[in-house]
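See below for the structure under consideration.
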There are 2 protein chains.
Amino acid sequence: MNLEIITKAIASKGLKITHQRIVVYQALLASVIHPTAEQIYDQIKESNPAISLATVYKTLETFVENRLINKVPSPNGTMRYDARTDYHNHIYISNTNEIMDYDDIELKEILLNYLKKKQFENLNITDFKLQIKGEKIDPIKGITIS
Amino acid sequence: MNLEIITKAIASKGLKITHQRIVVYQALLASVIHPTAEQIYDQIKESNPAISLATVYKTLETFVENRLINKVPSPNGTMRYDARTDYHNHIYISNTNEIMDYDDIELKEILLNYLKKKQFENLNITDFKLQIKGEKIDPIKGITIS
DNA sequence: TGATTTAATAATAATTATTATTATTTAGTA
DNA sequence: TACTAAATAATAATAATTATTATTAAATCA
């Protein structure tokens, strides 16, 4: 991923460009599983052994506060992180513990339409998404993927 | 809530009827906020000071394993519990930290239709729900409810 | 550019939420 | 009623996350 894009994204939120932030953001952008803070830490520590786990947590929280990334609660209770901030949905895969993105403009339209039609008294809707839960099937053996 | 219904529900899963289980299940059924284990513990301990927090956790987990109740991950990372097992959606209210049920047959139909139409390769969908996030509005003052 | 200021980080302690352990108690059943 | 397996209380342990503080680095500005 382009380093310039990364530094610009961080700077655009008025945040200082630091090596740690670049590395954490880069790792999150490169991941497709919606990693935990610890998974990001494990991934970056080989090439950056000086970065501490607490810094990873702090950095991620800073990004979330500045709406550069999103937090995703997962069914097993640990927080996951998502570099995407545009509209999309998630599929939680229970047998691999992955969280995958699910994109479909049609779905977004359907949901927007639906919510517009309905009345929600005294409630200001700030977000909505279809949460799909499923299990990956090994096409040969059936559902046995760990 | 009817004690007989509660004991029957517990027994229907082949679980022993204990005072602790009755009290925990009763408290969950009576709650509309989708409480945490600790909130249930706080609520029941006045009339049942001998029940320990660990028992509340254990009891809830037993209920979840036996599909008598459901676990609901929340945006702030702590687990919430839900006595309902029939199809319904949730609205997470960020300014009060409540989780509310949202029921609509039409929505269920829309989503079922949609998912049936789409192809998900190598994925067995086990659950889906619309996750709505919002904030309660004080009709007089605007959004200021804590 | 170099000094200064302010924010960020590393190291680690502390906290919170949850799970595990084990001795004791209890529910279901013979 | 007594037996046996399961459940509970008390508490220790663990996992995930947050707080603290001394140190370091980035941005500002003279």
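Throughout, a chain's letter reflects where its sequence line sits, starting with A, and its residues are numbered from 1. Note that the coordinates shown come from a computational prediction; the quantities given were computed from them, not determined experimentally.
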**Study point:** Footprint string (nucleotides 19-27 of chain C, 5' to 3'): B base within contact, S backbone only, - free, heavy atoms under 4.0 Å
**Key:** BB------B

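- Taking every side-chain heavy atom of A:Glu38 into account, D:dA16 is the closest of C:dT9, C:dA10, D:dA16.
- Listed here is the closest heavy atom pair of A:Leu53 and A:Glu38: CD1-CA, 4.1 Å.
- Centroid-to-centroid, the aromatic rings of A:Phe128 and A:Tyr87 come within less than 6.0 Å.
- In this structure, B:Leu15 atom CG and D:dA5 atom P are separated by 18 Å, rounded to whole Å.
- Rounded to an integer number of Å, the gap from A:Ile10 CD1 to D:dA25 P is 18 Å.
- Screening B:Ile5, B:Asn66, B:Thr18, B:Ile22 for a side chain to side chain contact (heavy atoms under 4.5 Å, CB included) with B:Ile10, the sole residue that qualifies is B:Ile22.
- The two atoms that bring A:Lys16 and A:Arg21 nearest to each other are O-NH1, 3.1 Å, heavy atoms only.
- Ring centroids of B:Tyr57 and B:Tyr41 are separated by 6.0 Å or more, keeping the two rings apart.
- Contacts of B:Thr55 with the nucleic acid, taken as non-hydrogen atoms under 4.0 Å apart, include base atoms.
- Within 4.0 Å of A:Ser52, counting heavy atoms only, lies at least one base atom of the nucleic acid.
- Dashed line: the shortest gap from a side-chain N or O of A:Gln20 to OP1 or OP2 of D:dA25 is not under 4.0 Å.
- The interatomic distance linking B:Glu65 (CD) with D:dA7 (P) rounds to 10 Å, in whole Å.
- Two rings, from A:Tyr81 and A:Phe63, have their centers 6.0 Å or more apart.
- As rounded to whole Å, 15 Å separates atom P of D:dA16 from atom CG of A:Leu60.
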